[in-house]
Amino acid sequence: MYEGDVLAGNWRRPGKGKIPKVPAEPDLVVEDADSGFCGAVVACDKEAVTLEDRFGRRRLFPLAPAAFLLDGKPVTLVRPAAAPAAPRRSASGSITVEGLRARVARESRIYVEGVHDAALVEKIWGHDLRVEGVVVEYLEGVDDLPAIVAEFGPEPGRRLGVLVDHLVPGSKESRIAAEITSPHVLVVGHPYVDIWQAVKPSVLRIPAWPEVPRGVPWKEGVIAALGWRMEPAQAWRRILGAVSTYTDLEPELLGRVEELIDFVTEAP
């Protein structure tokens with residue numbers, strides 16, 4: 001009745017081309033066809049797979065053709081395809097543009113008060129600014145801001161964004177900012193006396209930024225209160241060196257810088 005012995009050959013290993021290939025994904029339960037060891041996949045490399053049975057015992061098996069049973073049927077386990085790499089993020093949290101060549105600078109600009117402000121903005125938003133072709137320049141204070149704005153000559157397609165320290169009601173900075181009325185200029189600010197305070201204290205492993213008495217230069221007062229034996233320039237390098245991502249900065253600064261970038265890159 002039969003042309004051959006139905007029990008002849010290895011029933012667990014049919015001929016080539018008939019065995020499905022199955023990725024050895026974690027938690028996939030299979031049985032080793034030779035030993036009968038049954039377990040879930042816990043690890044897999046290009047040569048072998050590790051199975052763990054219900055008693056917690058683990059065994060390593062080579063990824064041989066038709067070496068395993070899945071639901072009682074022979075399969076060939078293969079190494080799972082690598083998951084697609086997540087997009088890289090810049091320090092500001094934006095998706096990094098790979099192979100970026102800086103865009104030709106726009107006529108629009110962002111002005112900040114001092115060199116420390118400019119360094120912090122560059123460290124966190126530098127990638128974004130190069131993508132958008134925005135140049136950040138620093139002033140030495142904002143006492144002459146109305147004249148600086150007039151000299152810049154804002155107009156459609158040539159916008160100016162200004163980041164001001166200590167922009168709170170009743171401050172000198174708020175009175176100066178109120179003098180700027182051009183629709184092509186946006187003046188925003190944070191509440192901190194100095195840009196140093198926009199760095200979260202926890203980043204520097206201090207409980208809080210010290211209160212500095214009136215009449216005492218703020219930076220020198222902070223350095224003395226913290227017991228740092230260094231000059232302000234050294235202290236700033238220490239502060240800036242501790243910052244690596246936007247999460248190291250206070251939201252009051254983050255929102256204002258993002259607002260300025262949006263303003264100067266908005267189509268006229």
Side-chain angles (χ1 to χ4, degrees), residues 87-97 100 102-143 145 148-149 152 154 157-169 171-174 176-178 180 182-204 209 218-219 235-268:
R88 291 179 57 206
R89 297 279 176 175
S90 70
S92 71
S94 64
I95 295 176
T96 301
V97 178
L100 170 69
R103 176 175 172 171
V104 175
R106 297 172 183 264
E107 289 191 63
S108 298
R109 292 286 188 272
I110 291 177
Y111 286 172
V112 297
E113 281 208 45
V115 64
H116 292 180
D117 307 66
L120 187 59
V121 169
E122 164 60 28
K123 186 162 189 179
I124 300 302
W125 289 275
H127 178 80
D128 307 61
L129 294 168
R130 283 183 284 279
V131 169
E132 298 292 349
V134 176
V135 174
V136 174
E137 300 179 16
Y138 69 89
L139 313 168
E140 294 184 358
V142 293
D143 290 353
L145 186 59
I148 292 170
V149 170
F152 178 81
R158 181 179 169 82
R159 292 183 163 195
L160 179 61
V162 185
L163 180 68
V164 178
D165 297 341
H166 199 228
L167 192 62
V168 296
S171 69
K172 174 191 73 174
E173 291 81 2
S174 66
I176 293 173
I180 309 302
S182 170
H184 310 300
V185 180
L186 176 64
V187 181
V188 299
H190 55 75
Y192 307 113
V193 175
D194 191 276
I195 196 69
W196 290 17
Q197 284 184 299
V199 177
K200 292 179 179 178
S202 58
V203 174
L204 299 166
W209 285 100
W218 191 85
K219 289 183 173 70
W236 172 243
R237 286 195 291 271
R238 177 173 180 172
I239 295 166
L240 186 62
V243 174
S244 59
T245 176
Y246 72 98
T247 58
D248 295 331
L249 304 181
E250 298 289 359
E252 289 83 354
L253 175 66
L254 295 175
R256 302 296 75 74
V257 175
E258 297 285 353
E259 189 176 355
L260 289 176
I261 294 175
D262 288 345
F263 178 77
V264 299
T265 57
E266 186 176 287

Please find the pair of heavy atoms, one from Arg109 and one from Val264, that lie closest to each other, and give the distance.
O-CG1, 3.5 Å

Work out which heavy atom in Leu167 is nearest to a heavy atom in Gly189; give both atom names and the distance.
CD2-N, 3.3 Å

Starting at CD of Glu173, measure out to CG of Leu145 and round the result to the nearest 0.5 Å.
11.0 Å

Only counting residues at least two apart or in another chain, list the ones meeting side chain to side chain donor-acceptor pair (under 3.5 Å) with Trp196.
His116

Could you give me the CA-CA distance, side-chain angles and deciding distance for Val136 and Glu122, then say whether side-chain contact (heavy atoms from CB on, under 4.5 Å) is met?
CA-CA 8 Å; Val136 174; Glu122 164 60 28; over 6 Å; no

For residues 238-247, tabulate all N or O donor-acceptor pairs below 3.5 Å that involve a side-chain atom, not counting sequence neighbours.
from, atom 1, to, atom 2, distance (Å)
Ser244, OG, Asp248, OD2, 3.4
Thr245, OG1, Ala91, O, 3.3

Can Arg159 and Leu186 be said to form a side-chain contact (heavy atoms from CB on, under 4.5 Å), step by step?
CA-CA 8 Å; Arg159 292 183 163 195; Leu186 176 64; over 6 Å; no

Validation row: Leu253, Leu120 side chains within 4.5 angstrom (heavy atoms)
yes

Please check: side-chain N/O of Arg106 versus main-chain N/O of Glu132, any donor-acceptor pairing under 3.5 Å?
yes

To the closest 0.5 Å, what do you measure between CG (Leu163) and CZ (Arg256)?
9.5 Å

Looking only at heavy atoms, the pair that brings Trp209 and Pro201 closest together is CD1-CG, 3.7 Å

Ser108 and Phe152: which non-hydrogen atoms are nearest, and at how many Å?
CA-CZ, 4.5 Å

Verdict with reasoning, Leu249 to Val199, per side-chain contact (heavy atoms from CB on, under 4.5 Å):
CA-CA 5 Å; Leu249 304 181; Val199 177; 4.0 Å; yes

With Asp262, which residues qualify under side chain to side chain contact (heavy atoms under 4.5 Å, CB included), at least two apart?
none

Excluding sequence neighbours, so at least two apart, what forms salt bridge (charged side-chain N to carboxylate O under 4.0 Å, His left out) with Glu250?
none

Heavy-atom pair of closest approach, residues Val112 and Ala118
CG2-N, 3.6 Å

Suppose we screen for side chain to side chain contact (heavy atoms under 4.5 Å, CB included). Which residues come up paired with Val168, at least two apart in sequence or across chains?
His166, Ser171, Pro191

Let me see the working for Asp117 and Tyr138 under side-chain contact (heavy atoms from CB on, under 4.5 Å), right down to the final yes or no.
CA-CA 8 Å; Asp117 307 66; Tyr138 69 89; over 6 Å; no

Taking Arg158 for its side chain and His184 for its backbone only, find out whether a donor-acceptor pair lies under 3.5 Å.
no

Who pairs with Lys123 by side chain to side chain donor-acceptor pair (under 3.5 Å), at least two apart in sequence or on another chain?
none

Residue pair Pro183 / Phe263: nearest heavy atoms and the distance that separates them
O-CZ, 3.8 Å

Check: Ile261 main-chain N/O paired with Thr265 side-chain donor or acceptor under 3.5 Å:
yes

